[in-house]
Amino acid sequence: MSDFVQVCSIDDLVKNSGVAALINGTQVALFYINDAVYALNNYDPIGKANVMSRGMIGDLKGELMVAAPLKKQHYSLKTGVCLDVEGVSIPSYETKIENNQVFVKL
Amino acid sequence: MSKQKIVVIGNGMVGHNFIEKLVASEGYDNFEVHTFCEEPRLAYDRVYLSSYFSGKTAEDLSLVKPGFYEQNGITVYLNDKAVDIDRTAKTVTSEAGVTIAYDKLIMATGSYPFVPPIKGNEREGCLVYRTIEDLEAMKDTAAKGKVGVVVGGGLLGLEAAKALVDLGLETHVVEFAPRLMPVQLDEGGAALLKRKIENLGVTVHNSKATTEIIDGENCMNKMVFADGESLETDMILFSAGIRPRDDLGGKVGLELGPRGGIQIDNHCQTNDPDVFAIGECALHDGMIYGLVAPGYAMAQVVVNLLNANPGSFEGADMSTKLKLMGIDVASIGDPHGSDENALSYVYENGPEEIYKKIVVTADGKKLLGAVLVGDAEDFGNLLQIMLNDMDLPEHPDMLILPNRDGSGADLFGPDALPDTAQLCSCYDVSKGDIISAVEGGCCTMSDIKATTEAGTGCGGCVQLVTNVLNNELEKRGVEVNTDICEHFGHTRQELYHICQVEEIKDFDTLIASHGTGCGCEVCKQAAGSIFASLWNSYALEADKVALQDTNDNYLGNMQKDGTYSVIPRVPGGEITPQKLIVLGQVATDYKLYTKINGGQRIVLFGAQMNDLPAIWKELIDAGFESGQAYAKALRTVKSCVGSTWCRYGLDDSVTMAIELEDRYKGLRSPHKIKMGVSGCTRECAEAQAKDIGLISTENGWNLFVCGNGGMKPRHADLFATDLTKEQVFKYVDRLLMFYIKTADRLQRTATWMDNMEGGLSYVQDVVINDSLGMGDELEAQMQALHQTYKCDWKTAIENPEFIKRFRSFVNVETPAEQLFVQERGQIRPATEAEKLSGIAVEIKQIA
Ligand code: SRM
Ligand SMILES: Cc1cc2nc3c(=O)[nH]c(=O)nc-3n(C[C@H](O)[C@H](O)[C@H](O)COP(=O)(O)OP(=O)(O)OC[C@H]3O[C@@H](n4cnc5c(N)ncnc54)[C@H](O)[C@@H]3O)c2cc1C
Ligand code: SF4
Ligand code: FES
């Protein structure tokens, strides 16, 4: 088990949107919504490109989600599970905010 | 068995419709059809005759699909009038001397306009309104004068008045009766109609009998009235009723009515069992029907009988709904309450200029008739109640009172109608037909139009058919919820109005006050587009960023591998060699794939997100601007070289295209907008395949609208002709703003117009005649957007905050790895297999 890694300041994030971070060689998508940070792997398993951080976020029936920017499938921000295609999911990572700094545990 | 010979005299609306129906019938192989057509062209749409003056051509009005007669083996004697019939020998002889034998003869000779026997009625400038030749005569006369008078304030007369207005004449209507449309309207309705028409600049003179037409002093003619007054005018258009063309029939002994018309029975048979009469020449039960629908019904009856199927014509309903000069007018059943026990209810709304009246039986149970002026939305509903003899609610006035709190809206929903209820009288389409169409897969009004033809005639039934369609879809579990998404109980159009009226400029405010939850990619993008359309808000502003799809967010289209395209604007497709060199240099420096694209400009593909600002800085320094290829906005204005270089060019299409591009660049809209400008009718710029198309003519620009290529190609409709540049911009301003205001999200202009009640002619009314009185506002809104235009990319590179967005990663400066292979001397994205096998290389190494 790895530990939380300090990634960036909360000011580097964009409210209600995503940014990408490179953490130990892994591309991670960070989403900032309702004062919380969610982290998923940046790779779109259906579009097959590192683009998830550039998807639009919001909610579907209360479940926070990101819409893949290439083909618009929805993924849960919390679990990475695809809400449209069964059996597809994106790795999700634990996050925390401390002293205005964002931490992610791969 | 040899074929039965069918001869049709008259190739008008009904004669042609009869042939179409016969061709479509199961027994068509048993018939051989010949038709005499007195006019120099095949059947055309008289109902839309007046649109000839707002841009339609004779070809547009034609009802005959090219090649239809040839393909079905039908002989047409064009420009040849039948002059004699030998009922014993069973032959018809024409003016040109052709004689043909018939087994069955169909008289479809229509009618002619009645010209009252006024002294001087044959003077120059005295015209009628029935054929395309009449229209040409009107055009010629209008070119020589300033004033036009229509004699007759009935349905056709008011249509004709519209034509005179379109021709730019000072227009008057002279009516003998004390009110307009005396047959259809009651006093209250007619008074309101008069007021509305006068607001449009037409002067109405009621209770005026013309006694004589003499030389005028300021105009060609002067009409003298029985009350001693007079009116000077250049053109006098008689529209005082129609008379059946029964002369040929009468001459050969067909029985005529006492006041004319070829007498027919319920089988449309004349006193000669081998001769039928249909359409406006036929007299059925004392009635001549001056509308197409009854004529089409008669045609169907004869086709049935010829195929040995049952059929009978039992009379027809004369209810009508029209848009006269943009004013809704409808009349149903007996609106005069001729039955003296009948009761009536009247609703009049002065400020909004609406008048509605219903006439019901003495016991209040059944509807006898109705008049609607200013708002005819209830037409379909009321007509069905009357035709299907449905019981009225306890308080019948509910049917016409405004339903402000939404209660009782479904008093007579589509479910109340029997399946046999005829919804579209022009094409005899019943509720049952719509249901079968839905079962066959139709989901939209456009599908229904294509499959059943419902709504493609006079258009009066569109609202009702749409209701039935939506109801059926709903029953089948098809979501017809028009809400934009689960977060808002509104359509895009409603959200647009909300944002405009409440001056909402950010999503948080919008969703807090009108929605629920956090929003999603659908409502956020719609809101982003609305804010941009209303306030020219910028996509990268902190509170707008989250509302954009990745394409708008990074000001380029995302490619399959996550890179972006760079498409600078090349207005009108004109580019200097120097700029071409810059494009080539930038593409070389940043190793971009280069292609001439389908929009007459150059696209550079494969740009890394973190390189975009630097690439665009170089382009902007060289004088380029963003091409907005990523946005729902104006894309390109395609042009041909035009009069500057081309030996056929009539006007400078390149300058026009550049000016259009300059005015509308950056304009955010419900979907993308494309334009084209051709210098002559050879149409090298394919303007007729664009949302807005211009073609130069000898007399100015012809404006085409609502075309597109793409998934469902659609030719643009001719909107207006011979325009000056100033008029072009005025109309385009109005049309585009109206589209932006009212279209659904991701609806191209074609779908928008096709789904609008009244379609093309409604939009023409709004734009050309300013029927909604919002022309100035639309133009001002466009002007404001134009003045606040800024190049998206220039704004981005000038602001370090915006540029931050383009970093590959927030925490390190390393750019993301991106793998390509080379093909034909340029890069392309690597396939998965190439990535795995190690063929693909990082862009850095390609150089
Ligand atoms: C680059 C280009 C193809 C090319 O190499 O020639 C292109 C590329 C794309 N087109 Fe196109 N279209 C291009 C000209 C056209 C044309 C031709 C034209 O404009 O004359 C058409 C048909 C004409 C029309 O639209 O009426 C066209 C009809 C479409 C459609 C179907 C639209 C429709 O109403 O059915 C889409 C899909 C959409 O918009 O929803 C589309 C969508 C796209 C997208 C945005 C698909 C996407 O989401 O990735 C493509 C990406 C562009 C990019 O990466 O920047 N593209 N596309 C052309 C760019 C023109 C420009 O400079 O703006
Ligand atoms: C301006 C205008 C607006 C209208 N608007 C509406 C509307 O909104 N709704 C509606 O329902 N109706 C409307 N009408 C009425 C509608 O056009 C007619 O009901 C319809 O055209 C009747 O069709 P028809 O075939 O009987 O007659 P026509 O269309 O007149 O056709 C008869 C044809 O027969 C030809 N002909 C006659 N005698 C001979 C001969 N001896 N030999 C060869 N050919 C011959 C004529 O030249 C003509 O072409 C409108 C009419 C006009 C003029
Ligand atoms: S036709 Fe299809 S594949 Fe080709 S550019 Fe247009 S959208 Fe892309
Ligand atoms: S009733 Fe005329 S188009 Fe349907």
Side-chain angles (χ1 to χ4, degrees), chain A residues 5-34 36-37 42-44 46-74 77 83 101-104, chain B residues 485-487 506-508 511 515-525 527-528 540-554 556-564 608-610 801-802 804-819 829-832 835:
Chain A
V5 183
Q6 181 181 343
V7 181
C8 59
S9 143
I10 199 87
D11 304 326
D12 292 323
L13 303 181
V14 183
K15 216 174 140 213
N16 294 321
S17 184
V19 296
L22 191 64
I23 308 176
N24 298 335
T26 302
Q27 289 201 23
V28 175
L30 300 175
F31 302 100
Y32 188 30
I33 182 168
N34 299 346
V37 178
N42 198 29
Y43 191 71
D44 173 346
I46 295 178
K48 306 217 180 299
N50 281 304
V51 296
M52 289 310 298
S53 61
R54 291 173 260 163
M56 293 179 73
I57 62 177
D59 77 314
L60 278 185
K61 304 210 168 64
E63 168 109 39
L64 291 178
M65 60 79 192
V66 52
L70 282 168
K71 300 281 175 69
K72 309 294 184 264
Q73 298 89 359
H74 302 96
L77 282 187
L83 307 175
Q101 292 297 309
V102 179
F103 295 82
V104 178
Chain B
C485 68
E486 65 180 62
H487 303 102
D506 67 279
F507 189 74
D508 287 349
I511 197 158
T516 55
C518 311
C520 63
E521 77 279 10
V522 174
C523 57
K524 285 184 173 180
Q525 278 187 70
L540 300 188
E541 288 160 22
D543 62 350
K544 301 293 179 307
V545 155
L547 306 183
Q548 320 296 330
D549 185 32
T550 176
N551 291 353
D552 297 86
N553 224 320
Y554 294 94
N557 281 312
M558 180 185 270
Q559 304 303 314
K560 60 192 294 183
D561 60 352
T563 61
Y564 288 87
Q608 310 261 51
M609 189 165 84
N610 55 306
E801 271 307 302
F802 295 154
K804 261 171 71 181
R805 290 283 294 156
F806 293 89
R807 283 185 297 172
S808 292
F809 301 111
V810 272
N811 57 338
V812 291
E813 287 308 320
T814 341
E817 184 191 64
Q818 197 74 44
L819 298 177
T831 63
E832 288 305 292
K835 282 183 204 162

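So that the names make sense, note that chain A is the first sequence line, chain B the second, and so on, each numbered from 1.
By the neighbour-count criterion of 12 heavy atoms within 6.0 Å, atom CD of B:E813 is sparsely surrounded, having that number or fewer from other residues, nucleotides or ligands. Residue A:K71 places its NZ atom among 12 or fewer non-hydrogen atoms of other residues, nucleotides or ligands, all under 6.0 Å distant.
Listed here is the closest heavy atom pair of A:M65 and B:C520: CE-CB, 3.6 Å. Shown here for A:M56 and B:Q548, the closest heavy-atom pair between the two residues is CG-O, 3.3 Å. The nearest pair of heavy atoms linking A:D12 to B:V810 is O-CG1, 3.6 Å. Contact record, A:A49 with B:G562: CB-N, 4.2 Å, taken as the closest heavy-atom pair.
Using a 4.5 Å cut-off between heavy atoms, B:D552 does not touch chain A at all. In this structure, chain B has a heavy atom under 4.5 Å from the side chain of A:A67, while its backbone stays farther away. Looking at A:V7, the atoms closer than 4.5 Å to chain B (heavy atoms on both sides) sit in the backbone and in the side chain alike. For B:Y554, the part lying under 4.5 angstrom from a heavy atom of chain A is the side chain only. Using a 4.5 Å cut-off between heavy atoms, A:I33 touches chain B through its side chain atoms alone.
Not counting sequence neighbours, A:N16 has no partner by the side chain to side chain donor-acceptor pair (under 3.5 Å) test.
Annotation: side chain of B:S808 is not in contact with side chain of A:Q27 (no heavy-atom distance under 4.5 Å). Under the 4.5 Å side-chain criterion, counting only non-hydrogen atoms from C-beta, B:D549 is in contact with A:K72.
Under the side chain to side chain contact (heavy atoms under 4.5 Å, CB included) rule, A:V51 has a single partner from B:Q559, B:M558, B:K560, which is B:M558.
Expressed to the nearest 0.5 Å, how far OG of A:S17 lies from CZ of B:R805 amounts to 4.5 Å. The CG atom of A:N50 sits 7.0 Å away from atom CZ of B:F809, with the distance rounded to the nearest 0.5 Å. With rounding to the nearest 0.5 angstrom, the CG atom of A:L60 is 6.5 Å from the CD atom of B:E521.
Ion pair A:K48/B:D561 not flagged as a salt bridge, since none of the NZ, NE, NH1 or NH2 atoms sits closer than 4.0 Å to an Asp/Glu carboxylate oxygen.
Each side chain to side chain donor-acceptor pair (under 3.5 Å) pair with one or both residues in residues 52-67 of chain A, not counting sequence neighbours, appears once here: A:N42-A:S53, A:R54-B:Y564, A:D59-B:H487, A:E63-A:S76.
Contacts with chain B were tallied for A:G47, A:A21, A:P69; A:A21 has the most, counting heavy-atom pairs under 4.5 Å. Highest contact tally toward chain A, considering only B:A542, B:G517, B:G519, is held by B:G519 [criterion: heavy-atom pairs under 4.5 Å].
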